[in-house]
Amino acid sequence: MPHPNLAEALRSILPAQTVLDDGPARLAHGGDRWFAHSSPDVVVVPTSADQVAALLAHCHSHRIPVTPRGAGVGYVGGCVPELGGVSLSLAKMDRIVDLSPADGVAVVGPGLITAALQAAALQHNLFYPPDPASLKECSIGGNIATNAGGPRCLKYGVTKHYVLGLEVVLASGQILRTGGRCHKNKTGFDLVAPFVGSEGMLGVVTEATLRLIPEPPARAMASAVFPQFPAAAQAVQTILSSGHLPSALEITDAFTLKAARDFLGPGRLPDGQAHLLVEVDGRPAAVAAEIEELSSLLFRAGASHVDLAPDADACEALWQLRREFSYSLRATGLVKLNEDVVVPRSKLVDLVDFASLLQAESGFPVACFGHAGDGNIHVNIMVPTMDDPAVRARADLALDRLFHQIIAWGGAITGEHGVGIAKRRWFPEAVGPTSLAVHRALKEALDPNHILNPGKFLPSTPPT
Ligand SMILES: Cc1cc2nc3c(=O)[nH]c(=O)nc-3n(C[C@H](O)[C@H](O)[C@H](O)COP(=O)(O)OP(=O)(O)OC[C@H]3O[C@@H](n4cnc5c(N)ncnc54)[C@H](O)[C@@H]3O)c2cc1C
């Protein structure tokens with residue numbers, strides 16, 4: 001519902017330049033990389049936690065929706081202000097407040113771009129492992145709110161494993177500081193945890209203290225071609241059951257490889273119908289020995305060709321290509337319904353077979369690639385348009401088939417992108433009634449007026 005005079009009211013409590021209500025600003029803050037769009041009434045771009053606190057206190061008393069926004073490159077419509085009100089952009093709170101090699105921490109604003117943190121850490125030979133493929137565009141606040149992951153999470157864990165402390169502005173406007181610079185802390189409940197992955201529905205992250213670890217001194221990678229996708233999926237199990245824990249283990253199917261070849265030009269990717277990238281890191285001698293062992297193992301597992309990237313620069317060149325896969329699928333001109341489903345690893349080959357079945361049944365190409373070692377495969381249903389109701393209905397049917405199967409296998413409907421708008425239909429079934437009630441109780445306790453990111457995956461009474 002419209003909120004008349006909201007901009008004027010906010011300018012009376014915030015610096016005028018932080019409150020925008022012109023058409024282009026509202027339009028630019030209405031969507032992300034999914035295809036929902038809804039313009040907010042007002043965009044607020046604060047530069048301090050105190051400004052966020054003043055904004056939330058006002059919106060709490062007047063029951064005005066507030067949707068936090070990082071860089072707006074989410075894949076599930078999470079930062080779309082569906083019910084209008086305020087789009088709260090944290091983009092200008094992007095400072096590295098402190099980077100301490102002695103403590104192994106970085107204290108950063110939520111708007112900091114992930115790649116900028118990684119680059120700053122590297123200058124001190126430190127490593128911030130969470131590496132979403134969008135790392136040059138996405139923000140730390142968005143990563144925390146979605147508990148983002150990436151290829152190296154196989155060995156190093158996801159964003160939550162690196163959040164030691166948070167400053168969070170609660171819906172009431174109170175500022176909570178929890179956790180801190182200690183790498184272990186068991187003082188009371190773990191109040192950091194509920195905010196990580198909370199998709200902007202429990203509080204607004206205004207500062208994060210993140211764990212940094214030593215940068216591994218060496219990396220190497222094997223890039224293996226397989227004649228068929230299921231054989232590549234089977235090789236993942238072979239590697240992990242042979243005592244290896246690669247830092248990343250990424251799989252790609254034929255459709256994605258073709259899209260990437262078309263997008264990136266000839267000669268950039270090897271031939272073949274399926275592809276595995278295996279990265280190891282650690283001390284130089286150990287890395288050199290392990291990549292040789294893995295190369296032999298890959299041939300024994302059915303690879304027709306294996307290329308080795310012997311050092312960090314060669315690995316980064318392969319990662320640059322891998323990060324283009326999402327963009328390559330988008331460049332096909334088809335609409336990519338990117339579902340970051342996860343299955344227990346023993347179901348990996350079943351998932352790959354199921355994707356072929358889904359393709360045959362739905363008539364839509366289904367492109368699969370992703371973090372095979374985690375059982376987290378991005379199943380991309382490629383549809384010609386989402387504007388045609390008939391196509392949309394068929395796509396919804398295919399998505400229903402996919403998610404019901406994932407839930408039946410004991411899998412997760414999202415491993416890293418979050419629920420947002422895109423997956424909210426399946427959320428109650430995915431978590432079950434008791435978990436849903438606990439989610440609701442937590443929301444009620446922290447945001448009783450339901451102002452924070454309302455209308456998303458928790459069915460709740462929207463603000464009136
Ligand atoms: C090409 C491409 C590749 C991708 N690859 C990956 C990948 O490998 N792994 C992965 O995990 N994701 C991936 N993503 C998805 C996306 O980049 C991540 O979800 C990322 O974490 C979103 O960050 P953002 O800053 O853009 O957040 P936004 O899209 O702005 O917001 C995402 C959610 O976080 C909330 N939020 C944002 N900032 C805050 C804050 N300060 N406090 C509270 N809530 C907040 C929003 O309300 C929203 O619910 C990819 C996206 C693209 C476009």
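Hydrogens, waters and symmetry mates play no part in the numbers below; they use all other heavy atoms, side chains included.
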Quiz item: Would a line drawn from the ring center of H439 to the ring center of F427 be shorter than 6.0 Å?
Solution: yes
Quiz prompt | Ring centers of F325, F263 separated by less than 6.0 Å | solution = no
Quiz item: Hey, is CD on Q228 packed in by over 12 heavy atoms from elsewhere, all under 6.0 Å?
Solution: no
Self-check item: Q273 CD: over 12 foreign heavy atoms closer than 6.0 Å
Solution: no
Regarding [X] and [Y], do their side chains bring together a donor and an acceptor under 3.5 Å, going by distance alone?
X    : Y    : value
E215 : H124 : no
S100 : D98  : no
D253 : T256 : yes
E250 : H275 : no
T159 : N143 : no
D131 : W319 : no
S247 : E279 : yes

Quiz item: Who passes salt bridge (charged side-chain N to carboxylate O under 4.0 Å, His left out) against R323, sequence neighbours left out?
Solution: E316
Exercise. Could you walk me through whether K155 and D281 pass salt bridge (charged side-chain N to carboxylate O under 4.0 Å, His left out), step by step?
Key: CA-CA 10 Å; K155 179 171 176 182; D281 64 10; 2.6 Å; yes
Exercise. I would like to know whether V108 and E207 meet side chain to side chain contact (heavy atoms under 4.5 Å, CB included); could you show each step before the answer?
Key: CA-CA 6 Å; V108 306; E207 191 176 279; over 6 Å; no
Quiz item: Run the side chain to side chain donor-acceptor pair (under 3.5 Å) check on D340 and T414 step by step: do they pass?
Solution: CA-CA 5 Å; D340 61 322; T414 168; 2.8 Å; yes
Quiz prompt | Y128 side-chain N/O to L122 backbone N/O, donor-acceptor pair under 3.5 Å | solution = no
Exercise. Name the orientation class of the two ring planes belonging to H417 and H378 (parallel below 30°, tilted from 30 to 60°, perpendicular beyond 60°).
Key: tilted
Self-check item: Aromatic ring pairing Y156/F127, orientation class (parallel under 30°, perpendicular over 60°, tilted between)
Solution: perpendicular
Quiz prompt | Euclidean distance, L446 CG relative to E444 CD, rounded to 0.5 Å | solution = 10.0 Å
Exercise. To the nearest 0.5 angstrom, please state how far the SG atom of C138 sits from the CD1 atom of I113.
Key: 7.0 Å
What are the two closest non-hydrogen atoms of [X] and [Y], and how far apart are they?
X    : Y    : result
G272 : L257 : O-CD1, 3.7 Å
K160 : V196 : CB-CG1, 3.6 Å
P129 : Q118 : O-NE2, 4.0 Å

Exercise. Apply the test side chain to side chain contact (heavy atoms under 4.5 Å, CB included) to residues F299 and S304: give CA-CA distance (whole Å), side-chain angles for both, the deciding distance (0.1 Å), then the verdict.
Key: CA-CA 7 Å; F299 278 119; S304 54; over 6 Å; no
Self-check item: Trace of the side chain to side chain donor-acceptor pair (under 3.5 Å) decision for E82 with S38
Solution: CA-CA 5 Å; E82 246 193 331; S38 170; over 6 Å; no
Quiz item: Are any of the side-chain heavy atoms of T146 and E416 separated by less than 4.5 Å?
Solution: no
Practice problem: Tell me, please, whether Y162 has R211 positioned over its six-membered ring: NZ or CZ under 6.0 Å from the ring centre and within 45 degrees of its axis? | Solution: yes
